[in-house]
J.: 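What follows is a structure written as structure tokens; I'll ask about it next.
Computed from heavy atoms alone, side chains included, the values below leave out hydrogens, waters and symmetry copies.
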Amino acid sequence: MHIEWDDKYCIGHSEIDAQQKKMFEIMNTGAKDENCTDLKQIALVRELLQYAKEHFATEESYMQEIGYPNLQEHKEEHKKMADAVEILIVKLYSEGPIDVDIFEKFTESWIIKHVLQKDCNIKDFVENNVID
């Protein structure tokens with residue numbers, strides 16, 4: 001399953017929106033390759049983790065800048081997400097590649113649900129507080 005980027009995932013911050021779009025691209029690379037080898041899958045998940053950590057730092061800095069009230073909770077969510085990816089990497093090293101369907105479910109819940117349920121709250125906060 002290919003997870004299409006949609007502007008509904010945008011929070012209105014050009015750098016953060018571009019980063020989130022890039023994470024979708026990384027996820028879709030893994031979703032397309034049903035014959036992904038151990039090393040390719042590990043490299044892909046590591047790339048996703050590295051990029052996500054950069055994105056989290058940017059997003060957390062922005063939330064700090066705008067006085068976002070749920071910053072600490074959001075940071076904890078980011079940490080849980082990064083920890084889950086690190087566990088997945090260990091699993092890939094010890095057990096070999098995971099099924100593409102499992103990868104898709106993991107990334108869908110990890111990214112899409114977070115973006116729609118948590119990140120869009122940042123956009124709502126900015127819109128309701130008229131922050132530039």
J.: Check D119 with K123, please: is the shortest side-chain N to carboxylate O separation under 4.0 Å?
T.: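 Salt bridge flag = no for D119 with K123.
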J.: Would you give the length of the straight line joining atom NZ of K80 to atom NZ of K75, rounded to the nearest 0.5 angstrom?
T.: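 The NZ atom of K75 is 15.0 Å from NZ of K80, to the nearest 0.5 Å.
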J.: Please evaluate residues K22 and E25 with respect to the criterion side-chain contact (heavy atoms from CB on, under 4.5 Å), reporting the C-alpha separation (whole Å), side-chain torsions for both, the decisive distance (0.1 Å), and the verdict.
T.: CA-CA 5 Å; K22 175 70 176 175; E25 291 170 8; 3.7 Å; yes
J.: Show the nearest heavy-atom pair for residues C10 and W5, with the distance to one decimal.
T.: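 Answer, listing the atom of C10 first, then W5: SG-CZ2, 3.7 Å.
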J.: To the nearest 0.5 Å, what is the distance between CD on E77 and NE2 on H114?
T.: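 Reported value, rounded in 0.5 Å steps: 6.0 Å.
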J.: How far does CZ of F125 sit from CG of L71, to the nearest 0.5 angstrom?
T.: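 The distance works out to 10.5 Å.
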J.: Please give me the minimum heavy-atom distance between Y51 and Q19, naming the atom from each residue.
T.: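 Smallest interatomic distance, heavy atoms only, reads CE2-O, 3.3 Å.
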J.: How many angstroms lie between CZ in F56 and CE in M81, if you round to the nearest 0.5 Å?
T.: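 Going from CZ on F56 over to CE on M81, the span is 4.0 Å.
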J.: Once the angle between the rings of Y68 and H74 is folded into 0 to 90°, is it parallel (under 30°), tilted (30 to 60°) or perpendicular (over 60°)?
T.: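 Geometry flag for H74 against Y68: perpendicular rings.
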J.: Set out, in order, the CA-CA distance, both residues' side-chain angles and the distance that settles side-chain contact (heavy atoms from CB on, under 4.5 Å) for D124 and N121, then state yes or no.
T.: CA-CA 5 Å; D124 293 342; N121 291 337; 4.1 Å; yes
J.: Could you tell me whether the side chain of S61 and the main chain of A57 form a donor-acceptor pair under 3.5 Å?
T.: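 Side chain of S61 to backbone of A57, a donor-acceptor pair under 3.5 Å: no, none is there.
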J.: Evaluate I122 against N70 for side-chain contact (heavy atoms from CB on, under 4.5 Å), listing each step before the verdict.
T.: CA-CA 9 Å; I122 300 167; N70 297 321; over 6 Å; no
J.: Pairs in or reaching into residues 46-63: which pass salt bridge (Lys or Arg N to Asp or Glu O under 4.0 Å), with residues at least two apart or in two chains?
T.: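 Sorted pair list: K53-E86.
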J.: Atom CG in L88, atom CG in L49: separation rounded to 0.5 Å?
T.: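 Result: 9.5 Å between the selected atoms.
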J.: Would you confirm whether D17, through its side chain, and G12, through its main-chain N or O, come within 3.5 Å as a donor-acceptor pair?
T.: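 Between the backbone of G12 and the side chain of D17 there is a qualifying donor-acceptor contact (under 3.5 Å).
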